[in-house]
Amino acid sequence: MAQPTQEKRSYRDTLNLPKTAFPMKANLVQNEPATLKRWAKQGLYQKLRQREHPKGRYTFHDGPPYANGAIHIGHLLNKVLKDMVVRSKTMAGYDCPYIPGWDCHGLPIEHKVMQELGDKAKGMEPYQVRRKCKTYAEKFVKLQSGQMQRLLTLADYDDPYLTMAPAYEAAVLEVFADLVSQGLVYRALKPVHWSIANQTALADAELEYEDREDTSVYVLFEVVNKKYFQTRGVDTSVPLYLMIWTTTPWTLPANLAVAIAPRADYGVYRIKLKGKECFVVVALEVAGKVFAAAGIEPSSYSVVTHFRADDEDGTDEWERFGDITYRHPFIDRTGPVVTADYVTLEDGTGLVHTAPGHGVEDYQTGLREKLDVYCPVQADGTFDSTAPDWLQGKDVWKANELVVKHLHDSQHLFHQETITHSYPHDWRSKTPVIFRATEQWFVSVEQPTKHNQSLRDLGLQQTANDVRFYPEWGRNRMRGMLESRPDWCLSRQRVWGLPIPAFYGPDKDQALLTAASVRAVSANIRKHGSDYWFKATPQELLEGYDPASDPAAPSWFYTKGLDPDYSKLQKANDIFDVWFESGSSWHAVLRQRDQGYPADLYLEGSDQHRGWFQLSLLPALGVTGQPPFRGVLTHGFMVDKDGRKMSKSGGNALEVDTLLKDFGADVCRWWVSSLNSDNDIKVDPEFFRLAGEEYRKVRNTLRFLLSNLDSPRKDGGGEYEFTDTDATSIDAWALGQLNALIQQARNSYEGFQYRKVHEAIFHFCNDTMSAIYLTAVKDRLYCDAPDSPRRRRTQAAIHRITDALIRLVAPILPHTAEEAWLALHGDEAESVHLAVFPDPDATPADAAWDRLMELRDQAMKQIEDARATRDIDNPLDCGLRITPGQDDAEILTRFDLVDLADLCGISRVEISDAHTAQTAFEVLDLRDQPRCERCWKRDGTVKPRSDGGLLSDRDALALSLV
RNA sequence: GGGCUCGUAGCUCAGUUGGUCAGAGCGCACCGCUGAUAACGGUGAGGUCGGAAGUUCGAAUCUUCCCGGGCCCA
């Protein structure tokens, strides 16, 4: 006989303790890249395309991020959400390709390149600058692509779509040609920032604001139609003036209206000017300041009456009293008084001189009021022949003086002063910039399309019904934007982009731009890329175009029977708004690459309601008559932990690379899946740390599950098949819970509710598995004979649970799921990502399980109380006597007493013969009973065995001592 | 200033049509286990549901106003 102490220790080696190669420590930062390599090596993305797809195609369409800079935390959210869509749809049985895209053209890149070039840019041809831009874009596509892959997104990174690729550009022109064919494209004037020095339009990013001295003038416009004032008792025999203020006198020749604030009070003042009695209209609030500036004493003027456009009670006086008109101070025309929201009382008189050809706000007002976009200033900054003869040929700076002098001489100048103000300058020439109306290309949202309705109406109608919005309020947002949007200005005066394929004729308003001519250029750009526009002649660009068969060919270019005169053609210098390029991706990617149209889902941040969503919707409606998407899913924006906007300067921006290095992709993805991403999302490193804690919990549950499958089965099932007689087993309960999880997770994935999946999985790991099931079956797994049917049944259940859990978590934690999958099925298993979601099965769980678990809760509570009051540390020192209530008596006879004891974590359970109304529990203190040296239970069967140990019957059997 | 939207325990979030709706998880504190151990289990504390008024027998839930965020415009 061995020594007792040795015997005690030796039982540990007789147990089936958990064992697995799946480590507790994830080491994601090192291991995730290896998983990526493995997927690449096995061609996972391509394999998925070839796999069977019982549900058919699910068309997800990726919106292109801008190829500038490294990805930020917003991209992380966006790309991970997209990847979860793609992976979950794939595992639901769809073919769901993911073609990533990049927006490559546009000002930010061109601007950056120009800055880098500095003075060198001056001697460069457009195509040379474009080459630099292309290189720049390529660099960032590569950088971002690498980062996105590092986030474990599964997409066709070998063949992404780039908006600067020739085939893409050609497709954009095809979309454009279709809109042209419908007569939706037109040319009109619009004010832009204009550099006189370089004779070019400038974007906001190319402006530098510097202080500048200008003459500001207070000008009197004589009212013509005084009806409104007459009703207010103003003497109409006395001249009445509107007083405006401006810092750009040179824009006065283009004045077409005066704007007032809708919700401000205006006074009519009686005043003497140069000895003459008159009335002057100025905003009440600023009148004192204005008169004081002109040196007029308060005693010299008085208010006669006052008015406002909008009454307090909301009635619109303006409409009741009709339009007020005034006479231009030095041009023979009258203009209306209109209201405009942007009019403030901070500077000036509260009456704003409005020249639609010389200001963006003025232009908007002009559109609304149907004013001309009149601009008498030419590209070189001089006035054209429509201006008064004393201004013609003079440049705008000279005109400032001339206009002021003229106003003074004609007694329209109330006051002038010199002011210093911040004024935009051309960042290259450092010269002051002007606003000047120029010819731009537009798409009309008002004209009827070939689908009989305007783009606006089509958009409103189809998004009202035929598109699903997640969340639903996206529909309202889209509607509001469609209702208020003006015609789309397509042209930009830049070089880094897709040229608008227009050719101008000898006269200013002659242009060759027909559906057929655009398609011809499109075909040639498909062959040569858009650089061709800058290198080739008009004739070369139009190769394949036959004006004879184009009824829309303009007569100045082609007359029947004669050869077209290509020498008349001059290439346009405009490029497309980049939004038109990305807004054509449904054609350039989905249709051109045969991905299916329309897409099932677009998924972007909520800023894209106005951006990509709307600007894809409009061209798609024009061409196809239907929206490019069936569903639109949006997420919110990242804010800091106090709910404030993220900003780099504020120091609260998080680097994606840092997050990946500190936490790994799966932890970042677990964090994403925990969010309600409809609205703002708070970000803080602490949240990633917490996500890491939760991740470890899930990982450890998987690890423990795996560790109890000591002999992986090749057939993937188990040696045990469940039958109806197992319905009351703990395993049947666990499998029933698994079914519920499968159902819930699949439904939530279906509705893009990743947070719900996250919660369900976490709860299942934490509660169902860790706290209840695995704790309950530990005893049989460890202590039963390895091949005991009871143990094998549990292992079969665990196998099924593990397999299902890995599949369910795979879209969220692709690396960890893969790691666990290989641990479960062996290294020869290909990939969990080629598998599909599990289906709920017909597990024969007894209907009484719900009640039984309620009873368990009650019993646990009592055991807990008893341990506290009687000072019992170890729950295995407890037993439980159950006195069944009437409703539970039958149920309790069906369940195994050992199972019940294991569920409560105690040594044994007995059922009393007595009866009560309500099931009652009595906790037994078993500390005076012998304890099995192997399983530590005091189950009543413990006695000395032939090996000298104190063992229970089960343990003796397991050791073959009986 | 306008359109859309959000504001529930320290944190992340649930709360159908107004009546067990004041909840869950994390975190925290305390306890247990030491055969899942840089793991595991149990127990507990925490909120006048952004503020005010109103409708109602009754409101986190409806109405109005206010405060504070976010996106897009202006």
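Values reported hereafter were calculated over all heavy atoms of this structure, with side chains retained and with hydrogens, waters and symmetry mates removed. Protein chains get the first letters and strands the later ones, always in sequence-line order, with residue 1 at the start of each. Note that the structure is predicted; figures quoted are calculated from it, not measured.
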Hey, does A:Arg485 reach any base, or is it just sugar-phosphate, or nothing, if we go heavy atoms under 4.0 Å?
nothing
Mind checking what makes salt bridge (charged side-chain N to carboxylate O under 4.0 Å, His left out) contact with A:Asp731, not counting sequence neighbours?
A:Arg793
Between atom CD1 of A:Ile681 and atom CD1 of A:Ile73, what is the distance when rounded to the nearest 0.5 Å?
9.5 Å
Given the C1' atoms of B:C30 and B:G46, what is the spacing between them in whole Å?
15 Å
A:Lys697 side-chain N/O to B:C40 phosphate OP1/OP2 under 4.0 Å
yes
Decide yes or no for A:Ile906 and A:Ile863: does some side-chain heavy atom of the first lie under 4.5 Å from some side-chain heavy atom of the second?
yes
Is it the case that the base of B:G32 and the side chain of A:Asp873 share a donor-acceptor contact (distance under 3.5 Å, atom types as modelled)?
no
Partner of B:U34 under the Watson-Crick or G-U wobble criteria, both distances under 3.5 Å, comes out as none
Complement of B:G25, any strand, by Watson-Crick or G-U distances under 3.5 angstrom
B:C11
Could you check if the base of B:G46 is syn or anti? Syn means the glycosidic torsion is within 90 degrees of 0.
syn
With both distances under 3.5 Å as the test, what is the Watson-Crick or G-U wobble partner of B:C65?
B:G51
Would you measure the distance from the P atom in B:A60 across to the matching atom in B:G51 and give it in whole Å?
11 Å
Complement of B:U20, any strand, by Watson-Crick or G-U distances under 3.5 angstrom:
none
Phosphate-side-chain proximity, A:Asn766 and B:C26, N/O vs OP1/OP2 below 4.0 Å:
yes
